[in-house]
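Numbering starts at 1 and runs along the sequence shown. Order of appearance sets the numbers: ligands from 1, and atoms from 1 within every ligand.
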Amino acid sequence: MSKNGIGPRPLAAVAALAAALWSGGQARADTVPVMVIHGGAGVIKADMSVERQQIVKAALDRALQAGYTALKAGQPAKDAVVAAIRVLEDDPNFNAGKGAVFTHDRRNEMDAAIMDGATLQAGAVAGVAHVRNPITLARAVMEHSQHVLLIGDGAEAFAVTQKIPLVDSSYFWTQRRWDQLQKALKEDAAHSQHADETTDRHFGTVGAVALDRAGHLAAGTSTGGMTDKLWGRVGDSPLIGAGTYANAGCAMSGTGWGEFYIRTVAAHEICMRVTMMHEALDHAAQDVINHEIPALGGDGGAILVDAQGDIAMPFNTSGMYRAWVGRDGVSHVAIFGDGK
Ligand code: ASP
């Protein structure tokens, strides 16, 4: 009990208060589930062979179905988010888990976060180097610790207590990411640092948002961050409100140049505009992702779903790996702006 006699509120009371405040989130037991995932923004059509497009699309579809199957079975949105993200973390084509990019110091340092819109509980990890599925560790932080964000060695020590397996750092070595780092280092040496920022320093981050049968929302994001990032750099993905956020009425996972998502507190801003100001999801999302962030010099995209099952997938890059099942139950996978 604190000095003023106001003790901590029980979590259930906080959740009820949140649901009352954010009237966008009228949870209904008969809700039609909706699932949206992304595999990162920044992809350029000319850089992708048709064969590679097919490989990536098949991987996105596998992740989408993993999440959507959980939703159809009546599992909570947070289960679907973790199921989808784990598939992408295990796939070397994405900048998360197995396919994480390299830091300037030739390491792989990963960040991840999850948020449960029904309870406003959240968990995140940053700078982990030996965790095969950082999203699972983020969920454990949310559900089995009193904290929201654990970093580096401390996060990995917590993983051990949770029986979440650690892997040798060599697990994360891939030729493609190594070559990307070499290219970035050459650019650094030529003093053209960040000249190629939008094309291959950040893309491939993965994320998921879901609306479950109970009408609850969740969001999650997992990433290796940006190629050539400094040791200890943390992006937007594990920062609740920047790259990841969910409440009773809106859920978002972002991807792009993280520093700009942090500075605009992008996910929180969009979700507050939707739930407090009753702005249309697509309008709020387009405004922040396609106007506010580029006006500051940033780029990227996001996926969002609201409590009505409306979806938004804005991006200001030429492509964003994405897949979704809306209220009509039909699966879609797309990479570029033309919906292909
Ligand atoms: N947003 C991520 C970061 O800045 C990178 C990405 O989305 O590709 O760490």
Side-chain angles (χ1 to χ4, degrees), residues 36-44 47 56 60 85 88-89 91-104 107-114 124-129 134-135 138 149 151-152 172 176-177 180-181 184 194 196-209 219-245 252-268 270 288-289 292-294 296-304 313-322 335:
V36 190
I37 65 167
H38 71 76
V43 55
I44 290 177
D47 291 351
V56 167
L60 287 168
I85 289 180
L88 299 172
E89 284 178 336
D91 189 317
N93 288 298
F94 301 94
N95 174 18
K98 173 72 184 152
V101 298
F102 284 95
T103 66
H104 185 76
R107 290 163 46 90
N108 305 100
E109 291 179 3
M110 291 153 283
D111 304 333
I114 185 164
V125 293
V128 293
I135 194 67
L149 174 60
I151 64 166
F172 300 103
R176 198 159 144 257
R177 297 307 186 198
Q180 283 174 352
L181 176 66
H194 296 170
D196 215 9
E197 196 81 61
T198 60
T199 56
D200 60 9
R201 292 206 179 190
H202 63 268
F203 75 79
T205 287
V206 309
V209 293
T221 313
S222 182
T223 187
M226 293 171 69
T227 299
D228 196 23
K229 67 183 180 181
L230 288 184
W231 179 21
R233 179 263 188 188
V234 175
D236 59 312
S237 309
L239 300 185
I240 298 302
T244 307
Y245 189 75
M252 163 166 157
S253 169
T255 169
W257 196 342
E259 278 69 11
F260 293 90
Y261 285 68
I262 297 171
R263 289 166 59 193
T264 55
V265 202
H268 187 259
I270 296 172
V288 173
I289 302 297
E292 274 187 44
I293 286 178
L296 292 173
D299 65 352
I303 53 169
L304 297 103
M313 299 176 288
F315 54 95
N316 55 53
T317 49
S318 65
M320 178 171 76
Y321 293 160
R322 59 202 188 280
I335 300 179

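Residues Tyr321 and Val206 form no side-chain contact, since every pair of their non-hydrogen atoms from C-beta on lies 4.5 Å or further apart.
Close N/O approach between Asp236 and ligand 1 is found [any backbone or side-chain N/O within under 3.5 Å]. The shortest N or O to N or O distance between Asn95 and ligand 1 is not below 3.5 Å. Residue Gly258 has at least one nitrogen or oxygen atom sitting less than 3.5 Å from a nitrogen or oxygen atom of ligand 1, judged on distance alone. Ligand 1 has no nitrogen or oxygen under 3.5 angstrom from a nitrogen or oxygen of Asp111.
Closest heavy-atom approach to atom 7 (O) of ligand 1 among the candidates Gly256, Gly207, Ala41: Gly256.
Close contacts between ligand 1 and Gly225 involve ligand atoms 5 (C), 9 (O) [criterion: under 4.0 Å to a heavy atom]. Atom numbering of ligand 1 starts at 1 in the shown order; those under 4.0 Å from a heavy atom of Thr255 are 6 (C), 7 (O), 8 (O).
Of the possible polar contacts, one joining the Asn108 side chain to the Val101 backbone as a donor-acceptor pair under 3.5 Å is found. Between the side chain of Ser237 and the backbone N or O of Ala112 there is no donor-acceptor pair closer than 3.5 Å. Side-chain atoms of Asn95 do not come within 3.5 Å of backbone N or O of Ala100 as any donor-acceptor pair.
Other residues, nucleotides and ligands contribute over 12 non-hydrogen atoms within 6.0 Å of the CG atom of Leu181.
For Glu109 and Thr103, the side-chain atoms include no donor-acceptor pair closer than 3.5 Å.
Put simply, no part of Glu259 is less than 4.0 Å from ligand 1, judged by heavy atoms.
When heavy-atom distances to ligand 1 are checked against a 4.0 Å cut-off, His38 has no atom that comes that close, whether in backbone or side chain.
The side-chain contact (heavy atoms from CB on, under 4.5 Å) test with Met313 is passed by exactly one of Ile289, Leu304, Val36: Val36.
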